[in-house]
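Everything below concerns the one structure shown next.
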Amino acid sequence: MKRSHTCGELTPADKGKQITLNGWVHRIRDHGGIHFINLRDRYGITQVVVDETAPQTLKDLAASLKFEYCIAVRGTVRPRPESMVNPDMPTGSIEIEAKEIEVLSACETLPFMVDERSEAREELRLKYRFLDLRSFAMQQNIRLRHEVSFAAREYLVSKGFYEIETPTLIRSTPEGARDFLVPSRIKAGSFYALPQSPQLFKQILMVSGFDRYFQLAHCYRDEDARGDRQPEHTQIDMEMSFVSKEDVFEVVEGMLSHVFKKTLNIEIPTPFQRIPFDTAMDLYGSDKPDLRFGLAFRDISQLAEKSDFNVFKSVVGDGGVIKALKVSKGAAFSRKQIDELEKAAKTYGAKGLAWMKVTDSGLDGGIARFFENITDTLISTMEAEPGDLLLFVADKWKTACTSLGAVRSKLGEDLELGRSNEYRFCWVIDFPLFEEDEETGGWAAAHHMFTMPQQQYLDTMEKDPGAVKGDLYDLVCNGMEIASGSIRIHDPEIQKRIFNIVGFDEEEARRRFGFLLDAFQYGPPPHGGIAPGLDRLVMIMAGEKTIRDVIPFPKNTIGASPMDDSPSLVDEDQLKELHLQVIEESDESEGQDSQQQE
RNA sequence: GGGGGCGUAGCGAAGAUGGUUAUCGCGCCGGCCUGUCAAGCCGGAGAUCGCGGGUUCAAUCCCCGUCGCUCCCGCCA
């Protein structure tokens, strides 16, 4: 019995039609003489009725149905009597009077119920992913993901982009994250790597004249997972020739506007706000600030020097800063709540979180007594009112900013300052090109080594690498980095200077990126690009808290997939073909390893 | 590598200063029921309280260890 309709489309206008539906038994209500079956497919749910007039064989069959049986139903569409219409159901004003039911396949007792949203623990949901994906919430998420992908493609193609594939077995370029390696059978002892991104290939496509490229690219990074990242993810990867960063912004803003309009019917205002990295850190303590709420920091370093608080004074004396945050009405916070906030600050390296409360008569509690001589100045600097809570972190600039930023994020979460259906985008720009490598004490590329330094630093780049800003940019939405990109270097001379600063000699550069450098000898165009993360974008749009809820078959936090039980051991023969031998870890060898590392 | 949380029936949870038979909802099995839509009512089965060790007359509860999952720091150009 092949379906004539889906479970989401029948209306009173179909009254009297003989139809056939296929789907899964979502709910059964057996009243003895009358059976109701909610039949579900991905389009919706339709109520099927087997009533007292049905032949006994049909009644018996209806009574034997269980959750998630896959069945076919032939019957007649009939409007429900007025009093029995279900207004909560799109198909709630009709039902199917069953004439025949066929069980297409039975279903075992379920490990968990297929509901709107499964409440089973994630481990179990992942093991029975095929069932979890039947839930309404997951069906919605996967549908949204499809629609976002489609709308992105639609927009980019309309703007003249070609979708071009790049290989997933590539050379390992041991930069950045740890590579996943794939052993070569033919070339003993050699390995491919899975791409962390199509970076080098898309740049080469620009050299080849493809002008505007995009790809929904799978990227692989062998690093520890989090709620918003896992070993493999999908990027809407793109690259353009003859562009400035403004051109890249325009494409991405246009694409996201199109995507939001087409999928959620939401207008997102463009252009997006731009915030320099330094400002983002200074005001919000993060390079991915959540702008759905304020809570901007103030710097009271100079003011603190006039206080009696030696802790602050010595930090400022050592070149540190005092960052302050005003929480309106925060004076009502309990000591425990403040302790929780301090814990958040400490995870990012702060030594503590100082606080005081603003009262009708001045300042009170915490470190208030050290500020008695400058109470009014502090209150006016903070624009504070009685009932507010003031929070302070004193440390090196970066630590002070990031740890108070953690406090800000926690406040945003705890006080539910960010509405889930609001989308606040911003471009974070003017990132430092280099950062200090704590292991070697030298300089390392903050993004990657092919990022163009901003014009004004070209003359002084070697003298003060730490001051150099790059032409690189992140797109941030609601406190999450959802895209990262840059204008690339196409001038071999500048490229050489960058390699030099990060301590790459010519030979090493050739060994790692020779093919790209070769390509750049043959008339490379100026180019730049960006790569929005599809998973994070869909996660935000779906209002989910983890990337795993918008990935059909995700890995768990240790990179395993409970459904197919990967990663798994392989046969000796497979290893032999690949010239591999597994070394059992023992306490001894671990000891040796750690000695070697030190 | 480090820190926090969790682990009790198929699922989700509760629980006891350590003490006879470990509780509730869903699901499962059986019965009743003609209009429900999270149907309802009656009855039943189902748990070595993650695993190992210790303390104790007695441990699911306390202690130590271990495993698994999860959140976070590190890591993630």
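Proteins get letters first, then strands, A, B, ... in listed order; numbering begins at 1 in each. Since this is a predicted model, take the numbers as computed values, not measurements.
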Counting only Watson-Crick or G-U wobble pairs whose two distances fall under 3.5 Å, which nucleotide matches [N]?
N	result
B/U55	none
B/C37	none
B/C6	B/G68
B/A45	none

query = Is A/Glu506 salt-bridged to A/Arg510, going by a charged N under 4.0 Å from an acidic O?
reply = no
Selection from B/G35, B/G12, B/C26 that lies nearest to any side-chain heavy atom of A/Met113 = B/C26
query = To the side chain of A/Ile558, which of B/G35, B/C37, B/C69 is closest?
reply = B/C69
task = Applying salt bridge (charged side-chain N to carboxylate O under 4.0 Å, His left out), name anything that partners A/Lys15, two or more places apart in sequence or on another chain.
result = none
task = Kindly say whether, by distance alone, the side chain of A/Glu123 makes a donor-acceptor pair under 3.5 Å with the base of B/G7?
result = no
key: Pair A/Tyr220 + A/His233: ring centers closer than 6.0 Å   = no
query = Rounding to a whole Å, what distance do you find between A/His35:NE2 and B/G40:C1'?
reply = 15 Å
Nucleotide B/G3, atom P - distance to NZ of A/Lys346 in whole Å = 16 Å
query = Does A/Phe112 lie flat on the base of B/C11, that is, centres under 5.5 Å apart and planes under 30° off?
reply = no
Restricting to nitrogen or oxygen on both sides, can you table the protein-nucleotides 29-33 of chain B pairs closer than 3.5 Å?
| residue | atom | partner | partner atom | Å |
| --- | --- | --- | --- | --- |
| B/C33 | N3 | A/Asp30 | O | 3.3 |
| B/C33 | N3 | A/Gly32 | N | 3.3 |

request  = Please name the residue in the list A/Leu133, A/Ile551, A/Val538, A/Val550 that meets the side-chain contact (heavy atoms from CB on, under 4.5 Å) test with A/Asn141.
outcome  = A/Val550
inquiry  = Both A/Arg27 and A/Leu110 contact RNA chain B. Taking the nearest nucleotide for each, which residue is further toward the 5' end?
reply    = A/Leu110
query = For atom CD of A/Gln56, is the number of surrounding heavy atoms from other residues, nucleotides or ligands below 6.0 Å larger than 12?
reply = yes
Protein-nucleotides 71-76 of chain B N/O pairs under 3.5 Å:
| residue | atom | partner | partner atom | Å |
| --- | --- | --- | --- | --- |
| B/C71 | OP1 | A/Arg548 | NH2 | 2.5 |
| B/C72 | OP2 | A/Gly227 | N | 3.2 |
| B/C73 | OP1 | A/Tyr348 | OH | 2.4 |
| B/C73 | OP2 | A/Arg226 | NE | 2.8 |
| B/C73 | OP2 | A/Arg226 | NH2 | 3.3 |
| B/G74 | N7 | A/Arg226 | NH2 | 2.9 |
| B/G74 | O6 | A/Arg226 | NH1 | 2.9 |
| B/G74 | O6 | A/Arg226 | NH2 | 3.3 |
| B/G74 | N1 | A/Asp224 | OD2 | 2.8 |
| B/G74 | N2 | A/Asp224 | OD2 | 3.4 |
| B/C75 | O2' | A/Glu223 | OE1 | 2.6 |
| B/C75 | O2 | A/Arg229 | NH2 | 2.9 |
| B/C75 | N3 | A/Arg229 | NH1 | 3.4 |
| B/C75 | N3 | A/Arg229 | NH2 | 2.4 |
| B/C75 | N4 | A/Arg226 | NH2 | 3.3 |
| B/C75 | N4 | A/Arg229 | NH1 | 3.3 |
| B/C76 | O2 | A/Arg229 | NE | 3.4 |
| B/C76 | O2 | A/Arg229 | NH1 | 2.9 |
| B/C76 | N3 | A/Arg229 | NH1 | 3.3 |

